[in-house]
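Step one of this worksheet: look at the structure below.
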Amino acid sequence: MRSSTDPKASTSERYRQFAEVEATGMSACYEAWALGVAGDPTVIGLIDSLPAPKRQPNLVLSAARFCGAEVGDYPAFATWLAANWARVEETCLSHATQTNEAARCAVLLPALAQLQGPLALIEVGASAGLCLHPDSYSYRYVFAAGPVKRMLHPAAGQSPVVLECEASGPVPLPAALPEVVWRAGIDLNPLDVTRQHDVDWLTALIWPEHADRRERLLAAVKVARGEPVRIVRGDLNEQVTALVAQAPAEATVVVFHTAVLAYLDELERGRFAETMAGLPARWLSNEGQGVVPGVLERLTEPPVARSDFVLALDGTPVAFTQPHGRSIHWLTPAPH
Ligand SMILES: C[S@@+](CC[C@H](N)C(=O)[O-])C[C@H]1O[C@@H](n2cnc3c(N)ncnc32)[C@H](O)[C@@H]1O
């Protein structure tokens, strides 16, 4: 299946795929815009003037909103885009899709909490590093069945950032948040939570209808400003081994990533999986179906939705997750 980030797919295919798999049910505006683009040769002509990796729907639509495109129907958007293409083009060329969603910590947490602490966290593809503070957020897990809600708070008390997550299946929620003694990230282009331009770009990357996510972003940025984290600039395959070697010996090192490996080609993904197998670290991945080598083949039940991510620990699937961290379905472990 072609994905919206696949530079080998045609622009029309990429936008249709984005509309039908990623935006549907998540953003009526982006679904309409992407479907409109998929069938509009004039706009496709503009987008095709960009290098192939820069044609991805999430980048072009975010750049348009960063430059002032108003939420509305497709014809108005197409007219606006034609009139403002030079600015949108410049923004696409100088920026990348680096959506940083602190709420993804809510789906990482149950897996992190199963590991022997204290933890040293390394996030590859960290963007601005908002997912490197799972111990600084509060969590509200809402179960469809059974005891309705479970709250978890940092040791210092309730956080201004409360991550709400719908939970199903036997989610192993801990009694307390894990202790994190060291943290660092890697990114091709680290964003800086203290730079207003970077925060504005992160805001534009949030889909139009997701007001709660914009609010959470700004609250999480404040939390992250209070605890600066080093994010190494570079490719994850080039940097991860050296960073693991720098983590404190007394901690369990966890290399994790969410919504990152789709940006790598198959060879690079395979290389990363091989590296992880040989490193003295646990490996927590939260990625689209079929993105992490070997994970899909080990599923014991089919995903609930096509857009679900698969959370895997050391290559073994443990949960299906909503891509922005809104829900988690923990898998029943396979009998031995
Ligand atoms: C969609 S963002 C996800 C950010 C964060 N993990 C989260 O879930 O909120 C993907 C990030 O991966 C980074 N990235 C993509 N390819 C990379 C690579 N080869 N090496 C390091 N970082 C990469 C991008 O720069 C971007 O910041």
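As the structure lists them, so they are numbered: ligands from 1, and atoms in each ligand from 1. Values below: all heavy atoms of this structure, side chains included; hydrogens, waters and symmetry mates excluded. Along the sequence shown, the residues carry numbers beginning at 1.
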Would you call [X] and [Y] a salt bridge, taking side-chain N to carboxylate O under 4.0 Å as the test?
X	Y	result
Asp235	Arg271	no
Arg216	Glu101	yes
Glu227	Arg183	yes
Asp192	Arg195	no

Can you tell which of Gly234, Ala259, Ala126 gets a heavy atom nearest to atom 21 (C) of ligand 1?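 Answer by nearest heavy atom: Gly234.
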
Under 4.0 Å from a heavy atom of [X]: which atoms of ligand 1 are those, numbered in the order shown and with their elements?
X	value
Asn100	5 (C), 7 (C), 9 (O)
Leu264	16 (N), 19 (N)
Ser127	4 (C), 27 (O)

In sequence, state the C-alpha distance, the side-chain angles, and the governing distance for Asp187 and Val124, and then conclude on side-chain contact (heavy atoms from CB on, under 4.5 Å). CA-CA 6 Å; Asp187 203 284; Val124 300; over 6 Å; no

Minimum-distance protein heavy atom relative to [atom]:
atom	result
atom 2 (S) of ligand 1	Thr99 O, 3.4 Å
atom 12 (O) of ligand 1	Gly125 CA, 3.4 Å
atom 25 (O) of ligand 1	Asp187 OD1, 2.6 Å
atom 7 (C) of ligand 1	Arg104 NH1, 3.1 Å
atom 22 (N) of ligand 1	Leu188 N, 3.3 Å
atom 20 (N) of ligand 1	Leu236 N, 2.9 Å
atom 8 (O) of ligand 1	Thr258 OG1, 2.3 Å
atom 19 (N) of ligand 1	Asp235 OD2, 2.9 Å

Return the orientation label for the Phe66 and His95 ring planes: parallel under 30°, perpendicular over 60°, tilted otherwise.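 Aromatic pair Phe66/His95 classed tilted.
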
Scan side-chain atoms only and decide if Arg282 and Gln114 contain a donor-acceptor pair under the 3.5 Å cut-off.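 No, no side-chain donor-acceptor contact under 3.5 Å.
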
Within a 6.0 Å radius of atom CD on Gln116, are there more than 12 heavy atoms belonging to other residues, nucleotides or ligands?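 Check fails, neighbour count at 12 or below.
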
Worked verdict on Glu166 versus Ile328 for side-chain contact (heavy atoms from CB on, under 4.5 Å): CA-CA 6 Å; Glu166 278 176 35; Ile328 183 164; over 6 Å; no

Could you check Trp207 against Leu61 for side-chain contact (heavy atoms from CB on, under 4.5 Å), going step by step and ending with a plain yes or no? CA-CA 9 Å; Trp207 295 4; Leu61 302 184; over 6 Å; no

Would one find an N or O of Thr97, backbone or side chain, under 3.5 Å from an N or O of ligand 1?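 There is no such contact.
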
Distance-only N or O hit between ligand 1 and Tyr263, under 3.5 Å: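 No; every N/O pair is 3.5 Å or more apart.
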
Please state whether Glu123 comes within less than 4.0 angstrom of ligand 1, counting heavy atoms only.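 Heavy atoms of Glu123 do come under 4.0 Å of ligand 1.
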
